[in-house]
Amino acid sequence: MVVVSLLLLGGLWSAVGASNLAVVTCGSVVKLLNTRHNVRLHSHDVRYGSGSGQQSVTGVTSVDDSNSYWRIRGKTATVCERGTPIKCGQPIRLTHVNTGRNLHSHHFTSPLSGNQEVSAFGEEGEGDYLDDWTVLCNGPYWVRDGEVRFKHSSTDVLLSVTGEQYGRPISGQKEVHGMAQPSQNNYWKAMEGIFMKPSELLKAEAHHAEL
């Protein structure tokens, strides 16, 4: 059903001009590519067999998997209006579209690399403050063509992939975890999805700058 909805809304991609798609906005539904390992951030209704036992988060090479869609939202207990440009340094939530759980981290050890576990947590988009991630990027806004890092707002780890690979039942998928140190392993880029048209806020700021 989610996939059908995404296909129906796909016309938005071509309807909105390229200049309006330069920034990533609240309400957008996107896939996020780890540029070092060429895998997309992914989740599914499979729980970790250790650590927190929460829903697992992995990286997949498939471009077409509907379990790789995430909705960009405001941080916990806030509302980010659809179309509001995401600023560099802004905390956000990433909600997994198909299961309604938020990208989450905490002081559990990840199963393969021994780094910090990253999971999906909550119900119907509502979890807790450990769902908040700060967007790290250059310039005023997160732009679609730019690489960004996601820093966990509570524990300061960076969302990362280092290549460790799972066996059954999720054979071939890569471990996603949190790392304390910045490196090429924690760069991400917005890829396929539905990008909400930027709101008038951005246009107003641009006009003010010209004056």
Legend entry - Nearest heavy-atom neighbours spanning S43 and S56: OG-O, 2.6 Å

Inset, instruction - Run through L32, T134, V118 and flag the one making a side-chain contact (heavy atoms from CB on, under 4.5 Å) with F150. - result: L32

Legend entry - Geometric class of the F121/H104 ring pair [parallel <30°, tilted 30-60°, perpendicular >60°]: tilted

Inset, instruction - I would like to know whether T95 and N102 meet side-chain hydrogen bond (donor to acceptor under 3.5 Å, both in side chains); could you show each step before the answer? - result: CA-CA 4 Å; T95 301; N102 299 322; 2.5 Å; yes

Legend entry - For E124, all residues meeting salt bridge (charged side-chain N to carboxylate O under 4.0 Å, His left out), sequence neighbours excluded: none

Inset, instruction - For D156, enumerate each residue passing the salt bridge (charged side-chain N to carboxylate O under 4.0 Å, His left out) test, keeping only those at least two apart in sequence or located in another chain. - result: none

Inset, instruction - Can you tell me which residue pairs pass the ring-ring contact (aromatic ring centres under 6.0 Å, His included) test with a partner in residues 30-50, sequence neighbours excluded? - result: H42-H44

Legend entry - Fellow cluster residues of F108, listed by chain then number, with links counted only when side-chain atoms sit under 4.5 Å apart: none

Inset, instruction - Quick one: which residue pairs count as a salt bridge (charged side-chain N to carboxylate O under 4.0 Å, His left out) with a foot in residues 48-66, not counting sequence neighbours? - result: none

Inset, instruction - Identify which one of V60, T61, V39 satisfies the side-chain contact (heavy atoms from CB on, under 4.5 Å) criterion when paired with Q173. - result: V60

Inset, instruction - Just grab all the salt bridge (charged side-chain N to carboxylate O under 4.0 Å, His left out) pairs involving residues 31-41, residues at least two apart or on different chains. - result: R40-E192

Inset, instruction - Kindly give the cluster partners of Y187, where membership spreads through any ILVMFWY side chain lying under 4.5 Å from a current member. - result: none

Legend entry - E117 and H177: CA distance, side-chain angles, deciding distance, side-chain hydrogen bond (donor to acceptor under 3.5 Å, both in side chains) verdict: CA-CA 5 Å; E117 183 188 276; H177 50 249; over 6 Å; no

Inset, instruction - Indicate yes or no for a side-chain donor-acceptor contact from W188 to the backbone of E147 under 3.5 Å, with no hydrogens or angles considered. - result: no

Legend entry - Residue pairs passing the disulfide (SG to SG under 2.5 Å) test where at least one lies in residues 92-189, sequence neighbours excluded: C88-C137

Inset, instruction - Report the C-alpha distance between T162 and S113 in whole Å, list the side-chain angles of each, state the deciding distance to 0.1 Å, and finish with yes or no for side-chain hydrogen bond (donor to acceptor under 3.5 Å, both in side chains). - result: CA-CA 8 Å; T162 50; S113 66; 4.9 Å; no

Inset, instruction - Mind jotting down which residue pairs meet the salt bridge (charged side-chain N to carboxylate O under 4.0 Å, His left out) criterion with at least one end in residues 168-190? Sequence neighbours excluded, please. - result: none

Legend entry - Cluster companions of Y129 among Ile, Leu, Val, Met, Phe, Trp, Tyr (side-chain spacing under 4.5 Å): L130

Legend entry - Donor + acceptor pair across side chains of N98, S66 (<3.5 Å): yes

Legend entry - Residue D128 excluded, over 12 heavy atoms near CG under 6.0 Å: yes

Legend entry - disulfide (SG to SG under 2.5 Å) partners of residues 33-62, not counting sequence neighbours, each pair once: none

Legend entry - Residue pairs passing the salt bridge (charged side-chain N to carboxylate O under 4.0 Å, His left out) test where at least one lies in residues 68-80, sequence neighbours excluded: R73-E126

Inset, instruction - Apply side-chain hydrogen bond (donor to acceptor under 3.5 Å, both in side chains) to D132 and T76, showing your working. - result: CA-CA 7 Å; D132 295 342; T76 302; 2.8 Å; yes

Legend entry - For the student: nearest non-hydrogen atoms of I72 and I86, plus distance: CG2-CD1, 3.9 Å

